[in-house]
Amino acid sequence: MLRLIRNKFLTGLCIGLSLLTLVPLFSIVVLVIRNGFPLLSANLFTQLPPAPGVDGGGFGNAILGTLVMVGIALVCSVPLGILAAIFVNEYAPSSKLASGVRFVAKLLTGIPSIICGVFAFAAVVMTTHKFSALAGGIALAILILPTILITAEQALLGVPYAFREASFGVGATPFQTIWLIVLPEAMPAIMTGVMLAVARAAGETAPVLFTALFSQNWMKSIMEPTASLSVLIYNFASLPYAYHIKLAWSASLVLVALVTVTNILAQVIFAPKHR
Amino acid sequence: MKGIVFFSAITLTLCFPRFPIPTMNRILLAASLLASSILPASAATALNGSGATFPVPLYMRWASDFQKTNPNITVNYTGGGSGKGVKDFIANLTDFSGSDVAMSDAEITNAGGNVLMLPATAGTIVLAYNIPGVQAGLKLSRNAYVGILLGLIKNWNDPAIAKENTGVTLPNTPITFVARADGSGTTAVFTGHLAAVSPEFKDKVGTGKSVTWPVGIAGKGNDGVTALIKQTPGAIGYVEFGYAENNKLTMASLQNKAGNFVTPTLESGAASLSSVTLPENLRAFITDPEGVNDYPIVTFTWLLVKKTYTDAAKAAAVKAFVAYGLTAGQAVAPQLGYITLPANVVSKVQAALATVK
Amino acid sequence: MGGNSPLTGSVSPMSAEYRRRPDIFRAICLFASILTILLLAFIFGEILIKAWPAISKFGLGFITGIQWSPNRDIFAVLPVLIGTAASSLLALLLALPLGLAIALFLSEDFLPPAIRHTIRFVVELLAAIPSVVYGLWGIFVVIPLVQKYGTILSAKFGFIPLFAGPAYGNSLLTASLVLALMVLPTITAISRSSLVSVPYALREGSYALGATRWETILSVIIPTAAPGIVASSILAFGRAMGETMAVAMLIGNSQRLSWSLLSPSNTLSALLANQFAEADGIQVSALMYAAALLVMLTLGVNIAGEAVLRHTQKATAGLR
């Protein structure tokens with residue numbers, strides 16, 4: 001009897017805590033929607049930012065810039081993270097190199113976003129003598145690498161060993177096992193990590209500010225200062241002009257929407273095969 | 001154009017049918033990246049600048065208006081702080097920079113002497129307050145405001161403040177001073193003035209972009225300080241005039257060197273500027289103006305340009321942009337909360353600008 | 001399985017010859033691992049090189065001193081270190097139970113799938129919100145609340161150093177609350193992944209032995225998913241320590257040492273964010289020294305986390 005009471009109590013506690021967390025969650029989402037909605041229009045995607053004191057305009061260049069820089073970051077760190085995780089988990093789990101990689105991944109999580117920017121500044125901006133979207137992308141890549149590595153390793157760990165045994169049993173090589181069996185099975189969990197990484201990369205200001213600066217014009221190449229939504233929000237929200245502050249909120253709304261849409265797409269494309 | 005290539009490549013990769021590993025997607029993305037970076041850039045001259053955050057709105061407006069009449073030139077100014085602006089300029093990463101504190105001699109040497117400091121506009125720093133029951137027009141004498149900042153005066157109904165404000169009922173509220181948490185040219189100018197009027201302040205706190213204040217809390221950026229002042233009853237802090245004005249903060253009238261209490265306005269700020277004589281290198285810090293109607297805390301802000309550019313097109317573009325700022329650009333300054341440069345200053349700056357090649 | 005196949009070229013996978021071929025894929029993965037380690041080495045090396053002038057000038061006094069005055073060239077970060085550790089720890093303490101509760105909620109079937117999917121969607125929405133917006137929300141919503149309730153709290157319980165007044169809106173508590181909300185999606189998403197991947201056979205076995213749902217969860221499912229949960233905590237803690245913008249806007253940026261949750265504080269990341277752009281000379285070096293300390297702090301925390309993990313793994317050894 002006591003066990004049943006305990007059971008019900010814990011269920012209630014769990015539900016209670018979840019609902020409690022939903023309160024601030026809804027508060028912030030409602031704030032973003034309420035403040036961002038008024039200026040929402042197709043113009044935001046096609047026009048350039050307005051000058052202070054002038055109304056109208058949008059932030060199409062910032063949207064493009066964020067997409068490009070997050071894209072570069074993904075291209076750099078997703079393969080690197082997944083491949084390293086495969087090595088650590090499948091090929092040599094008890095080797096010194098594997099422990100080294102796990103250790104390094106955990107250390108990298110604590111690096112403040114601004115240091116990623118500073119490092120990319122020293123490594124890319126100073127060597128190419130330009131602020132660029134490439135440098136911004138690389139800064140973001142460093143930022144998200146630990147997330148991708150750690151979640152990829154967890155995802156691979158989550159694939160039951162029986163799958164690998166069965167695959168070796170029919171004569172597949174390690175490569176075939178990993179590429180055709182383990183990795184597809186781990187994909188949904190890896191995608192969770194990638195989506196968290198995308199969300200973080202799209203919303204970070206400091207690394208991008210130091211490397212890609214900002215621009216009020218359309219992007220022409222990846223080797224020049226580029227606008228991004230996060231820097232736009234940061235800049236505009238700190239101006240004393242009401243119109244620009246409203247535009248900053250709309251940019252936040254657009255950013256959240258873009259990341260969510262990407263998230264949903266990823267979940268649909270990489271849905272778990274069975275369950 | 002390249003943007004469209006990019007955008008479509010990214011959308012396509014997202015819609016690609018599921019593949020064991022999305023390598024196809026990544027190959028497509030990498031290919032489109034490569035393609036767009038080797039696609040020829042357009043023939044326009046692009047000017048990039050970074051630096052002081054104070055004049056960001058003004059320079060952005062100038063850039064936008066200038067580009068309308070000069071479609072072959074794109075001008076891009078981002079903030080980041082005076083220090084960053086100077087560092088980026090010395091490292092040759094920007095074509096021009098903004099700085100609230102010009103450049104020190106050491107920095108000029110680091111730049112190889114290839115720099116001109118051109119005053120572009122000016123602004124005032126105000127002490128904005130939030131005292132329950134007190135409207136605009138609080139008068140603060142030199143002793144009063146220095147005392148507050150040193151932590152000697154702790155309450156709003158202190159006699160030192162009440163003395164100058166006989167018609168106002170000052171409540172029994174503790175004073176919360178709000179400073180800047182981030183390093184900033186605004187702090188440098190403000191502390192520069194305080195050190196000039198109070199040897200005790202100079203000794204205890206000193207001047208600089210980032211100092212340790214004896215009392216108070218700190219907010220990030222002018223906007224952070226503004227928000228803190230608005231939310232904290234009994235708060236007083238220093239912000240740029242534009243922020244106080246646009247956020248409808250009540251500003252204190254400060255006692256100047258001549259002994260008068262001056263309300264911060266664009267006119268009183270302009271009055272302080274007109275009495276300044278600029279030296280040869282155009283670097284003048286106005287720590288304590290002497291005129292009768294001068295508001296005591298004003299500063300120029302400088303555009304740093306090179307004396308010689310390796311690219312002739314860039315030199316021409318910089319000259320055209322700065323010339324625009326000195327003429328049509330000055331007309332739009334008051335609208336955004338900046339002080340128009342006096343005519344004698346403008347002519348000196350134009351003369352210096354003409355030497356750029 | 002003989003004959004040609006696109007994956008193996010012209011060699012049969014059943015032949016001994018095939019097995020002797022070098023595994024190029026393994027080499028690529030090895031390369032990726034080495035690259036990762038090199039990356040950290042470069043970053044940490046860069047930080048140390050830039051920090052060296054400050055390390056040699058201030059030594060350990062940097063860690064124990066309390067004054068940070070850039071204009072006087074005096075730098076020390078003890079209050080900042082304490083603030084960093086306190087805010088991240090508090091954020092994790094708040095986010096872990098809540099995140100785990102939601103993750104359990106989403107992985108078990110207490111409620112119909114439609115509700116679960118909506119909540120999962122909303123939590124992942126939280127992850128998408130940029131850090132600047134968290135800062136703004138903190139300024140408009142959290143600060144007034146903390147100011148109001150903090151004043152009441154310090155009036156009633158002010159004798160406890162943790163709640164000593166005066167209560168500021170910009171305080172350690174505000175920053176910790178917002179940080180907790182920021183790291184919540186990380187904990188929820190990864191823990192949920194872990195919980196869901198616990199083999200169904202284990203659950204069935206537990207129920208077959210007569211355990212109630214919660215006994216199963218607490219004794220079987222959570223310990224099995226523990227590595228994933230700990231991993232999510234490590235990522236969350238790292239994020240909390242590395243978060244710059246939101247904290248810089250909310251924590252009050254005070255260098256004064258105080259035990260109270262309700263007074264302004266500072267973190268290493270916020271310090272870096274506020275001062276880096278305008279810094280030059282020895283100040284840059286001091287900031288890099290602070291960054292190096294932050295990495296050391298992460299190291300310390302991770303070692304502690306590993307110890308916790310080893311303790312829980314004893315119970316689940318052999319299950320895979």
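To find a chain, count down the sequence lines: A is the first, B the second, and so on, and within it residues start at 1. Source: prediction; values computed, not measured.
- For chain B, no part of A:Asn61 is nearby; none of its heavy atoms comes within less than 4.5 Å.
- Annotation: the span from A:Gln216 atom CD to B:Thr74 atom OG1 amounts to 10.0 Å, rounded to 0.5 Å.
- A:Leu213 contributes atom CG, which lies 7.0 Å from atom CG of B:Asp88 (distance to the nearest 0.5 angstrom).
- A:Phe131 contributes atom CZ, which lies 10.5 Å from atom CG of B:Asn76 (distance to the nearest 0.5 angstrom).
- Heavy atoms only, all atoms of each residue included: A:His129 and B:Ala91 are closest at ND1-O, 4.1 Å.
- In this structure, chain A has a heavy atom under 4.5 Å from the backbone of B:Val75, while its side chain stays farther away.
- The two residues B:Leu336 and A:Pro52 make their nearest non-hydrogen contact at CD2-O, 3.6 Å.
- Rounding to the nearest 0.5 angstrom, the gap separating the CG atom in B:Asn246 from the OH atom in A:Tyr241 is 6.0 Å.
- When all heavy atoms of B:Gln67 and A:Asn217 are compared, the pair lying nearest together is NE2-OD1, 2.9 Å.
- In the displayed structure, A:Tyr234 atom OH is contacted under 6.0 Å by at most 12 heavy atoms of other residues, nucleotides or ligands.
- Heavy atoms of B:Asn222 lying under 4.5 Å from chain A are absent altogether.
- At a 4.5 Å heavy-atom cutoff, the contact between A:Ala237 and chain B is made by backbone atoms alone.
- Smallest separation of non-hydrogen atoms from A:Ser238 and B:Tyr243: O-OH, 2.7 Å.
- Between A:Asn235 and B:Val56 there is no side-chain heavy-atom pair separated by less than 4.5 Å.
- Residues A:Leu209 and B:Lys84 approach most closely at O-NZ, 4.3 Å, considering heavy atoms.
- When heavy atoms are compared at a cutoff of 4.5 Å, A:Val231 does not approach chain B at all.
- Here the shortest heavy-atom pairing between B:Pro57 and A:Leu239 reads CG-CD2, 3.5 Å.
- Taking CG of B:Asn48 as the reference point, atom CD of A:Glu224 lies at 7.5 Å (rounded to 0.5 Å).
- Comparing A:Ala51, A:Ala133, A:Ser215 by how many heavy-atom pairs each has under 4.5 Å with chain B, the most go to A:Ser215.
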